[in-house]
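For reference, the structure discussed in these notes is given below.
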2 protein chains.
Amino acid sequence: MAEQHELREKGLRLTPQRELVLTAVRELGHATPEEVAEKVRQTHPGINLSTVYRNLETLENVGLVQHTHLGHGGATYHAAEELTHLHLVCGKCGAVGDAPIDVAANFVQTLADDYGFKTDVTHFAIYGLCAACNVKN
Amino acid sequence: MAEQHELREKGLRLTPQRELVLTAVRELGHATPEEVAEKVRQTHPGINLSTVYRNLETLENVGLVQHTHLGHGGATYHAAEELTHLHLVCGKCGAVGDAPIDVAANFVQTLADDYGFKTDVTHFAIYGLCAACNVKN
DNA sequence: TTGTAACTGCAAATAATTGGCGATTAGTGT
DNA sequence: ACACTAATCGCCAATTATTTGCAGTTACAA
């Protein structure tokens, strides 16, 4: 019993649905619950949306995924491992780009020093225009 | 007819509801549609939520207000004049603090230079812990 | 005034998310 | 291998947030 599945290590039961949701989040990078469900259904059609929501919540509780409010409508989820970058959300085309967090290191430090505000980089969403949209604007 | 009301200047009809919504947004600093409605109802009880939603949208179209997705659930609106600061959203207590945009100037510049991403500072929401929550944490 | 398009209120329609509950199933102990 | 129990699932009704259709009202120009 040396090999413990990562989900079991967190005290969670290892169900196919759960595993599929986690895998989907990892493969998608970032996605809404709806998108995760769609992805999962490609291999497991019967899965219920509620199940996806509940598993996302559960997985978030144990720290395997996180959610952010990138834009309109819904939250988007991404794997915890992925939390090494910022999300650059294009307000025009909706594309989500990435940038390493250290581009913000200085900024974060300033906020901490001057405002006592401890920025949560994992919850960072930045709006603007992506390079592509910027050109044709 | 020298004095044109700001709303009329934008080509909008000057209705009491519209004016109240705009005033409420300005007084509240930032608020959800729900909160705006509540505020407006203090002086004009009959106003309908749809009307608030529609006016916020209309006012946003002409550039008098803007919205951001500060947290969960809903968008929050604020007056366009107010757009000289960043929003520091506390993930714990929900408080929304402000910081002048120039603390981000450097950061914004980096994103522009390195990623071609044109950051929209008016749509900036930063998550973390506010000073108060940070202490007792 | 009077006409007309903009605007409002209301109620029903959507969309997104959550909660209840009986049926199922993973994981434990035998 | 078998039974047990709580975790989890699927289905579906309930919320919550926002949007839309439409008929009645109103701002404002002529």
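Only a predicted model underlies this, so the values are computations on that prediction, with no experimental measurement involved. A note on names: the letters A, B, ... follow the listed sequences, proteins ahead of strands, and every chain is numbered from 1.
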Under 4.0 angstrom between A/Tyr53 side-chain N/O and C/dT18 OP1 or OP2: no

Phosphate-side-chain proximity, A/Gln17 and C/dT25, N/O vs OP1/OP2 below 4.0 Å: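 No, no such contact exists.
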
Length of the line joining B/Asn61:CG and C/dA6:P, which is rounded to integer Å: 14 Å

Check every atom of [options] against the side chain of [X] and return the nucleotide holding the closest atom.
X	options	result
B/Asn48	C/dC10, D/dA6, C/dG19	C/dC10
B/Thr51	C/dA26, D/dA17, C/dG9	C/dG9
A/Thr15	C/dA26, C/dA16, C/dA5	C/dA26

Side-chain touch B/Val25/B/His67, heavy atoms, less than 4.5 angstrom: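 Side chain of B/Val25 against side chain of B/His67, heavy atoms only: no contact under 4.5 Å found.
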
Heavy-atom side-chain contact between B/Phe117 and B/Thr119 under 4.5 Å: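 B/Phe117 reaches B/Thr119 side chain to side chain.
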
Neighbours of DNA chain D within residues 32-44 of chain B, by heavy-atom distance under 4.0 Å: none

Sugar-phosphate only, base, or nothing, as touched by A/Ser50 at under 4.0 Å among non-hydrogen atoms: base

A/Glu35 CD: over 12 foreign heavy atoms closer than 6.0 Å: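 Yes, because the 6.0 Å sphere around CD of A/Glu35 holds more than 12 heavy atoms from other groups.
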
A/Asn106 CG: over 12 foreign heavy atoms closer than 6.0 Å: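 No, the 6.0 Å shell around CG holds no more than 12 heavy atoms from other groups.
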
Along DNA chain C (nearest heavy atom to each residue), the more 5'-positioned of A/Leu12 and B/Arg54: B/Arg54

